[in-house]
Amino acid sequence: MKLGHGNYDRRPVVRVPAAADNGQEAWRGAAAWQRLGSGEVGAGEPDAGPADRRVVVIDTVPGVDVADLMSQLSGAHPEATVVDVAQAAALPGKELDQLLASRLTDDRVFGKLTHEPLEHFYDADRLAGAAERVGAGLTFLVGWGAALVPVEADCVVLADLPRWETQQRQRQGAPNWGCDNGTEDPLRKYKRSYFVEWRTADRHKQDIWSRLDLVLDTTAEAVLVTADAVRRGLASTARRPFRVMPYFDPGSWGGQWMREVCGLDAEPPNFAWCFDCVPEENSLLLEIDGSTVELPAQNLVLQHPAELLGRRTRARFGAEFPIRFDLLDTMGGGNLSLQVHPLTEYIQREFGMPYTQDESYYLLDAAPGAHVYLGLREGIDPEQMMADLRTAQQGGADFVAEDYVNTFPARPHDHFLIPAGTVHSSGADSMVLEISATPYIFTFKMWDWGRLGLDGKPRPINIDHAEANIQWDRDTAWVEQNLVGQVAELAASEGWREERTGLHELEFIETRRHWIRGRSEHHTHGTVQVKNLVHGAEALVESPTGAFEPFVVHYAETFIVPAAVGAYTVRPHGPAVGTEIATITAWVRGTETTD
Ligand SMILES: O=P(O)(O)OC[C@H]1O[C@@H](O)[C@@H](O)[C@@H](O)[C@@H]1O
């Protein structure tokens, strides 16, 4: 196993420039809870009642522990009235379930995207009733939708929470919003978050964003920051290279490479996934006034789509980050499931997703003998293959993947292209950097090699969904001509060379690899780029005009270069000086602009 360089940064922080007046902008722990009731930030004109009447709205996102928040507020402000807005005015759980039944479906994994606004989860009359509970003195209105209460607020706070933290809490027994489902299968809780809560929450957050005075992070110890500092932080992040905070998760096929290279805990038996560029679920760490606040990176996508994505990518996807980078570690582990992803029309019709899960596997590393499963063997009988899969699923003879599916040797720096509809799997002893479209849960597993998930249950198999999407003409010859070994040198000069590595024409992502000894010049051409240092210990990304601070990246780290960055250079740095490094860059094909 090739080891990393011991410098992978698991907590990349973006430093936010200080406020013009150098005033305090962050409060931690007890000071945060105290500050929330002090009226010193965002105190409005007391024109709606007696001078000492003060209304603080703390709108949360689903996943925030509202009970804990309320008890902290009561502890810090015993005189205050604290109203749980959802308890006061949200639809009863059963009504909410009925409203969402067609979106949630009976499936363990797949629902349908909802477009419900948060108002639909509330009773308007009871919201008005909650407003009547505001009396003289200090009142906190707390919960997801607190800003819907028809009352003039003196201070509006967003209690935000990254989605990875929400998932952790769900696995430990936290229910979904408005539900009594703490003991439900975490996959089903995640489904409700993914297909309903997060969509509605993003829209609601957008609605209230301009009203915010403060932002509260309760991921760990409470950190309260001014909304102006967050706005300033996001605005500056959208104009410089940055990283989101990676998160790591064990799995039934997970390996040992990331533990070593990324310096992870000894405790879990393995690590399977590292998500290091899925902004809709990753966190962005902002350092504000000496405190680090962990907020959803999605806030940046929602607030700065033009600077971040560029105008053509934004025109095509809206305020959505379309490119996903993640790591799949099977070094010393097992095969991924044998799987296929939905065609575009299928993901639209069945799940309401606007675009599909096109993928590719870039091999950061591979042990001798490692291989990738990709496409079908010539002359196989589709009916027989489906019958064998169903037999295996029902507990009969194991499915012999090699009888039906091609295998290709997997070597470091190979890039396998996987347009939706292509049967595939990464085999054991590989370290894959996935360069893919953002959707990532639409994996139709066909065969899981007869093993169980980490929870001791079989993982969900979806042979019917798979059958509806397998492209049977993607056979050995087609795969060899289209998906394997598609590297072509495009340009070279002293100190660098550039290659195209993919993706396939059916996929919207374009990739380039640069081998760099000297300093290579790059330009975003008005569209967002996602990059990873796939070879070498360390690189320095610089602005030729000093527009951003020099930015250091380490081996295997993914970073984002916003469209607004324009020109930048990359060169070996630190321990890599004098050696050759390599980066891979992805962007949405056809979105470059010349201005
Ligand atoms: O967990 P299994 O089903 O083995 O798949 C693992 C991974 O496979 C890849 O090809 C992608 O589809 C990922 O989004 C998925 O997480």
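Counting starts at 1 for both ligands and their atoms, following the listed order.
- Near His424, meaning under 4.0 Å from any of its heavy atoms, are these atoms of ligand 1: 10 (O).
- For ligand 1, the atoms closer than 4.0 angstrom to any heavy atom of His341 are 12 (O).
- A salt bridge links Arg192 with Asp97: the distance from a Lys NZ or Arg NE/NH1/NH2 to an Asp or Glu carboxylate oxygen falls below 4.0 Å.
- Here the heavy atom of the protein found nearest to atom 9 (C) of ligand 1 is Gln339 OE1, 3.4 Å.
- Atom CG of Asp473 sits about 7.5 Å away from atom CH2 of Trp478, to the nearest 0.5 Å.
- At the shortest separation from atom 13 (C) of ligand 1 among protein heavy atoms lies Glu434 OE1, 3.4 Å.
- Scanning the protein heavy atoms around atom 16 (O) of ligand 1, the nearest turns out to be Trp273 NE1, 2.8 Å.
- Between the side chains of Tyr362 and His413, at least one donor-acceptor pair of N or O atoms lies under 3.5 Å.
- In this structure, atom 14 (O) of ligand 1 lies nearest to the protein heavy atom Tyr440 O, 3.3 Å.
- The backbone and the side chain of Leu336 each have at least one atom closer than 4.0 Å to an atom of ligand 1 (non-hydrogen atoms only).
- Ion pairing between a basic and an acidic side chain is recognised when a charged N comes within 4.0 Å of a carboxylate O; Arg243 and Glu557 show such pairing.
- Residue contacts with ligand 1 include Tyr361, since one or more of its heavy atoms lies under 4.0 Å from the ligand.
- Looking only at heavy atoms of the protein, atom 1 (O) of ligand 1 is closest to Arg459 NH1, 2.7 Å.
- For atom 6 (C) of ligand 1, the closest non-hydrogen atom of the protein is Trp253 CZ2, 3.6 Å.
- Residues Trp144 and Glu197 have side chains that never bring a donor and an acceptor to within less than 3.5 angstrom of each other.
- Between the choices Ser337, Ser360, Ser252, the shortest heavy-atom distance to atom 4 (O) of ligand 1 belongs to Ser337.
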Query raised in the report: Passes salt bridge (charged side-chain N to carboxylate O under 4.0 Å, His left out), Glu359 versus Arg324? Steps please.
Result: CA-CA 9 Å; Glu359 297 192 331; Arg324 156 173 61 101; 3.0 Å; yes
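- Residue Lys445 approaches ligand 1 through these ligand atoms, each under 4.0 Å from one of its heavy atoms: 1 (O), 2 (P), 3 (O).
- Close contacts between ligand 1 and Gln357 involve ligand atoms 12 (O), 14 (O) [criterion: under 4.0 Å to a heavy atom].
- Residue contact check for ligand 1: Met446 places no non-hydrogen atom closer than 4.0 Å to it.
- Near Glu359, with a cut-off below 4.0 Å to any heavy atom, the atoms of ligand 1 are 9 (C), 10 (O), 11 (C), 12 (O), 13 (C), 14 (O).
- Between Phe275 and Trp273, the ring-plane angle classifies as parallel under the 30° and 60° cut-offs.
- Heavy atoms of other residues, nucleotides or ligands lying less than 6.0 angstrom from CZ of Arg500 number more than 12.
- In this structure, Glu383 places its CD atom where only 12 or fewer heavy-atom neighbours from other residues, nucleotides or ligands lie under 6.0 Å away.
- Annotation: Phe195 is not in aromatic contact with Phe110 [ring centroid separation under 6.0 Å not met].
- Close approach of ligand 1 to Arg324 is summarised as follows: ligand atoms under 4.0 Å from at least one heavy atom of the residue are 14 (O).
- An N or O contact shorter than 3.5 Å links Thr443 to ligand 1 by distance.
- Of the N and O atoms on the side chains of Tyr440 and Glu281, at least one donor lies less than 3.5 Å from an acceptor on the other residue.
- Backbone and side-chain nitrogen or oxygen atoms of Arg451 are examined, and none is located within less than 3.5 angstrom of a nitrogen or oxygen of ligand 1.
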